[in-house]
Structures are given as structure tokens and as C-alpha cells.
Amino acid sequence: MPSRNSTFTVHPTLGGLDMTSDPSVLDANFLTVADNVEYLEAAQRKKRLGTSIYSTSTGDVVGAAQYLMTSGDSIRAIKDFWRYGTSLTPTQNIVVLTGKSGAITGSIMYSTGNGRWDSVGFSDNFGTSANVQGKITLAGDYAVFSDETMSPTAWDQGGSVVTPSTGSAWPKFTGSSYHLNRLFIYGLSTAPSRLQYMAANNIFDSTGGDTGQFTVNVGDGDQIMGVSAPFYGKLYVFKGPKFGSIWEFGGKTAASFDLSMVGHGAPLLNHRAVVNTPTDVYWLSQYGVHSLQTTIKYGNVESAFLSLPIQTLWRDGILDRDEFPKVWGFWHPSRNIVGWAVTPKGSSPNKAQNWLLCYNTALSDPAPGGRKYWSIQKFGFGLTCGDTVLLPPTWNALRGWSRSGLPTMFFGTNRGSVYAWDSTSFGDAGVAYKASVRTPTLTRFPTAQGTIGETQEKVFAGITTYFVPKGNTTATIGHVIDRDGASTTIPMTGIGDVLT
């Protein structure tokens, strides 16, 4: 007599993450939890890679003398600064903006890629750790530093910082963008809706005949919150924080520059929450996550929010809105993700930004109703800024890796140190972390004999899951049936073990 048992196979990652819908109505191949995991090319899930402290040591001991600053002081901005000058061979420096001098004189520091930090020669403190608006823009072979309160300055990898020498000094500004060999600045306290541009080929000329400015819908109750990097030959200006509007800045010369509104609503949180990729511009608002392409095509409607599957984070107050001014975003090309560092309610210590909301751009369908592949990376320390750095050859050799030149996320932290992501050690500076996934509540079972509906009684003969560990691994599988829960923890060594 044939068995009445039916096999029901679930591929959990093929549906992506959905935290917002009721778990009992989701298809079985969705996830309702995806913590500390990433998606591979065929949507397989994998534990995220770990982090290592950028230093001359391979021990990852927080607080050693070779690290950037004393523990507890925040890194405010970081940038991978490549400069050619008059040579075909560039020099690479990793530049950071901190909140105080720490062990090294000055708060603007750099590293040549050897794991050590030196001062750029700016002996005074450039702002404080409490100011979260620090920004570094690469423009005209300079790194330009601004934070809305300090007088902006620039550094060309020489012995000291440089200030404007043509025309009047730069006004104090929050952020800037480099486009058409010009420096565009915004966030001026005296003119919140002004977009001002320097002369072509001279980022220090702010008053000459080739300079100018636009006022972007002044008096509309908003200010310019941020400006994108160049995207298909244009800049996109974001206003907020109340109503929100998006403006396209086009043209190639001062005589042909023009400005037009292309969207409204979804006000940008701050200038660090805008993320450019080669194919889209993303940003985070107080309502969710948005894409320039989908917003222009479908309008500012919730169904077009990229964050719709995780909208409960905003709607149910899981994210700390008081900390939204600290949000910053990034693009990590080698992992196919864009993401934002956010602060969950109750985060400790000191309301740290220890969650990364990560959106897989390669797998996700940005259209309304399309599947979105989100995950949440959780850390035991605060992530205060970040940039994609081409891994320096010297530090690559020091770590014993073979990834020189690989795009790698570098994080500035609230520990006074810089961390590099993508460590295969699966630990955050030696501290283990847990990866978790969860399926929806399974009520319908499609089988070869037909679908077993919600109201039909079912008897479970067993659960089999396949897991490929790397090294010595401990895995825990849990299940709940009719409110009766159980879990099993199995230590595994090597590859190919089967949890049954």
C-alpha cells in the first residue's frame, strides 16, 4: 500500500524577506527573519562575512596604541582618496574625519594603506563627535572637508590643508558634490535653499565670472538636504525634511544650466542618506527607502517604496526616529547591496547605529509588487560612517589575504577605530555573531497530490534541512507546531552534514 506521506519542499530565500505581511498568508519560500545573512547569485542565503580592525595588528584587539583614536570617540567620515596629479600612477590614501585629536595631533587623518594613521597637518579639531554632518568630497584632486559649522578646508595629500586662494573664502556649508570639474555646495546657514557652484577647473573660486548659484524653490518650507553625485550627467537635489521634493540639475556650462522638479514627497533625512550606484540613486526618508527610477516612474506611493516588505520598521516604531539625523548610506558593489546604518529602539550603548538595512540590487525587482531581497546586519558596536575602499596591497599582505584591490566596505565606528568588512573569519574583530532565518507560518502545503489547505489536519513525520557549514559550526533549528515548540542544536565539522 503506498504511503500517504507527501514531501513538501521549501526554498526559503527565493521569495526574499517580508516582515510586514502576516506570516500566515505568505508563500512558504519567503523569509520573515533574515539577520546577519546575505544572498548569493541564485538567492541562496549565507552567513554574512565578518569585520577586522584596520591596524598594523592581526589580533583585532580594541584599544591598542596603533589604532586611530581612543575608544569611545567616533569617526565622522571616511573616504578612499586616489590622486593622480601629473602622473599616470595614482597614490591612495584613506582619509578620515574625527571629532577630536585623540593620540595624534589634529582631527583629520590619513593612512597610506599600511594600517597606520598620520595627521594631515590640521592641528585644530575639525568639529566634534556630536556633529554627525561631517562629509568628505573628492574634487579637483583634493579631499574637501565640511560639516556645516566649521570653515571648510581641503587637502591634496601634501603636507598641510589648503584654503581658498581665489576670490572670497568659501562660506560654511554642510555638503558638496563634484560635477563638470566644479564644486557644488549646499547647506548654507544663510541660504538653506541655495545651490552654489564654483568656477570650472578651480574649486576654490567662489566669486569669479564663471561661478553662480540657484535658489531651489525658496520659501517652500524645506531646505536642501542633499545632492547626489553625478548620475547620467546630471545632479539630483533633494529638499526636506517636511514636504520633500526632487530637482534635476542639468546642462554642461554655466550658460546652459537648468533646474526642474521631477518628484515630490519622500523627504531625504540628511545628505549622508543618499546613495549613488551606476544604475540608480537611492535614499532613505522618514517614511522608508526610495529609488529615483521607481519614484519618477511610479510616483511617491507606498507601493513603490523599496522598503515595503520591511515597512514595519518605520510603522511600528522599531527604528529610533530621534536618531534619523545620524543615518548614512553606502553602496557595496562586490556584495551587490546598498544599505543604511540605522539605530533600533533601545540600542546600546549610547543609541548606537548598529543595524545595517541591506537591499540586494542584483536580485530585487524594484517595481511595485516585485520581490525585494532585504536583510538586516546586526553589530555589537556603532557604525558611524563608511566608504567602499579598494583594499590596499600593503594591508592585504599584512592580513595574509589575496584580495588586493577588491572593493571592501570600511566602517568608521564609535569605538575610535576603522573596521574592514568582508573578513572570512565570521567574527566581528574576533567576536562571534549569530545568523538567523525564519520561514513564515506554513498553513498551505502544495504537494504532488495537490494542495493541502489551511483547514485540513496534518501530521508531520519529520523535518529535513540542508546546511553546508564552513569549518566547525553549530546550527540550531527550531519549529513550532500548534504552539508546541522544540529546537535542536547540532555541532558540525566539515562539509555535507545533514540536519534531520
Side-chain angles (χ1 to χ4, degrees), residues 51 73-80 94-99 126-138 143-148 174-177 186-187 224-229 236 238 240-241 266-277 281-286 288-291 306-307 313-314 319-333 335 337-344 347 350-359 361 376-379 381-389 407-421:
T51 55
D73 295 321
S74 294
I75 313 300
R76 301 168 59 207
I78 182 170
K79 185 65 70 173
D80 190 18
I94 304 170
V95 188
V96 296
L97 176 62
T98 73
F126 192 94
T128 65
S129 293
N131 186 329
V132 297
Q133 300 302 320
K135 183 173 175 63
I136 306 172
T137 300
L138 304 184
V144 177
F145 303 89
S146 61
D147 74 350
E148 83 183 9
T174 303
S176 57
S177 186
Y186 57 89
I224 295 178
M225 300 297 293
V227 177
S228 73
Y236 289 87
F238 296 84
L268 174 68
L269 288 179
N270 65 69
H271 67 88
R272 303 198 308 162
V274 179
V275 180
N276 270 71
T277 74
V281 179
Y282 303 87
W283 73 98
L284 193 145
S285 78
Q286 60 177 307
V289 178
H290 315 270
S291 147
L306 299 186
S307 55
L313 296 177
W314 283 261
L319 301 182
D320 192 332
R321 288 183 173 272
D322 292 340
E323 300 299 301
F324 275 178
K326 298 180 181 179
V327 168
W328 60 271
F330 64 92
W331 173 48
H332 192 356
R335 317 310 296 184
I337 57 175
V338 292
W340 290 265
V342 297
T343 304
S347 173
N350 302 323
K351 292 191 172 183
Q353 299 156 265
N354 53 13
W355 281 14
L356 292 183
L357 306 182
C358 295
Y359 174 79
T361 57
I376 302 177
Q377 318 302 343
K378 299 181 178 180
F379 296 81
F381 47 87
L383 308 170
T384 53
C385 59
D387 189 37
T388 302
V389 175
T408 303
M409 274 302 304
F410 273 45
F411 297 128
T413 71
N414 63 353
R415 289 181 168 180
S417 300
V418 171
Y419 283 60
W421 208 1

Self-check item: Within-4.5 Å side-chain heavy-atom neighbours: Q286 and W314
Solution: no
Quiz prompt | From CZ (R335) to OG1 (T361), nearest 0.5 Å | solution = 12.5 Å
Practice problem: Just jot down the side-chain hydrogen bond (donor to acceptor under 3.5 Å, both in side chains) partners of Q353, sequence neighbours excluded, or say none. | Solution: none
Self-check item: pair T51-F381: side-chain heavy atoms closer than 4.5 Å
Solution: yes
Quiz item: So, S307 side chain and V289 main chain: donor-acceptor pair closer than 3.5 Å or not?
Solution: yes
Quiz prompt | W340, W283, Y359, F330 screened by side-chain contact (heavy atoms from CB on, under 4.5 Å) with V275, the one that passes | solution = W340
Exercise. Identify the heavy atoms of G187 and T174 that sit nearest to each other, and give their distance.
Key: O-OG1, 3.0 Å
Quiz item: Would you say the side chain of P241 lies within less than 4.5 Å of the side chain of M225, judging by non-hydrogen atoms?
Solution: yes
Quiz item: Got L356 and W421 here, is their nearest side-chain heavy-atom distance under 4.5 Å?
Solution: yes
Quiz item: Sequence neighbours excluded, which residues qualify as side-chain hydrogen bond (donor to acceptor under 3.5 Å, both in side chains) partners of R76?
Solution: D147
Quiz prompt | A352 to T343 - nearest heavy-atom pair and separation | solution = O-CG2, 3.4 Å
Exercise. Looking only at non-hydrogen atoms, find the nearest pair between I75 and G412 and report the distance.
Key: CB-CA, 3.7 Å
Quiz prompt | Atom pair OG (S291) and CG (L306), whose distance is rounded to the nearest 0.5 Å | solution = 5.0 Å
Self-check item: Closest contact, heavy atoms only, P325 versus D322
Solution: CD-O, 3.5 Å
Exercise. Report the C-alpha distance between F145 and V95 in whole Å, list the side-chain angles of each, state the deciding distance to 0.1 Å, and finish with yes or no for side chain to side chain contact (heavy atoms under 4.5 Å, CB included).
Key: CA-CA 10 Å; F145 303 89; V95 188; 3.5 Å; yes
Quiz item: Does the side chain of P344 come within less than 4.5 Å of N354's, by heavy atoms?
Solution: yes
Practice problem: Quick one: list whatever passes side-chain hydrogen bond (donor to acceptor under 3.5 Å, both in side chains) with D80, sequence neighbours left out. | Solution: W82, Q92
Self-check item: S176 backbone acceptor or donor facing T137 side chain under 3.5 Å
Solution: yes
Quiz item: Do K135 and R272 have side chains that get closer than 4.5 Å, going by heavy atoms?
Solution: no
Quiz item: Looking at CH2 of W355 and CG of L383, how far apart are the two atoms once the value is rounded to the nearest 0.5 Å?
Solution: 13.0 Å
Quiz item: Aromatic ring centroids of Y419 and F379 under 6.0 Å?
Solution: no
Quiz item: Hey, does the side chain of S228 reach the backbone of Y236 with a donor-acceptor pair shorter than 3.5 angstrom?
Solution: yes
Quiz item: Is the closest side-chain heavy-atom distance between L357 and I376 below 4.5 Å?
Solution: yes
Quiz item: What's the spacing between H332 NE2 and D387 CG if we round to 0.5 Å?
Solution: 11.5 Å
Exercise. For N270 and W328, indicate whether the former's side chain and the latter's backbone hold a donor-acceptor pair under 3.5 Å.
Key: no
Self-check item: Reported CG-to-OG distance for the pair L269 and S285, which is rounded to 0.5 angstrom
Solution: 6.0 Å
Quiz item: Of all heavy-atom pairs between G240 and P267, which one has the smallest distance, and what is that distance?
Solution: CA-CB, 3.9 Å
Self-check item: F238/V281 under side chain to side chain contact (heavy atoms under 4.5 Å, CB included): CA gap, chis, key distance, verdict
Solution: CA-CA 11 Å; F238 296 84; V281 179; 4.1 Å; yes
Exercise. Would you indicate whether the side-chain heavy atoms of V338 and W331 approach each other to under 4.5 Å?
Key: yes
Quiz item: What distance do M409 atom CE and Q377 atom CD have between them, rounded to the nearest 0.5 Å?
Solution: 12.0 Å
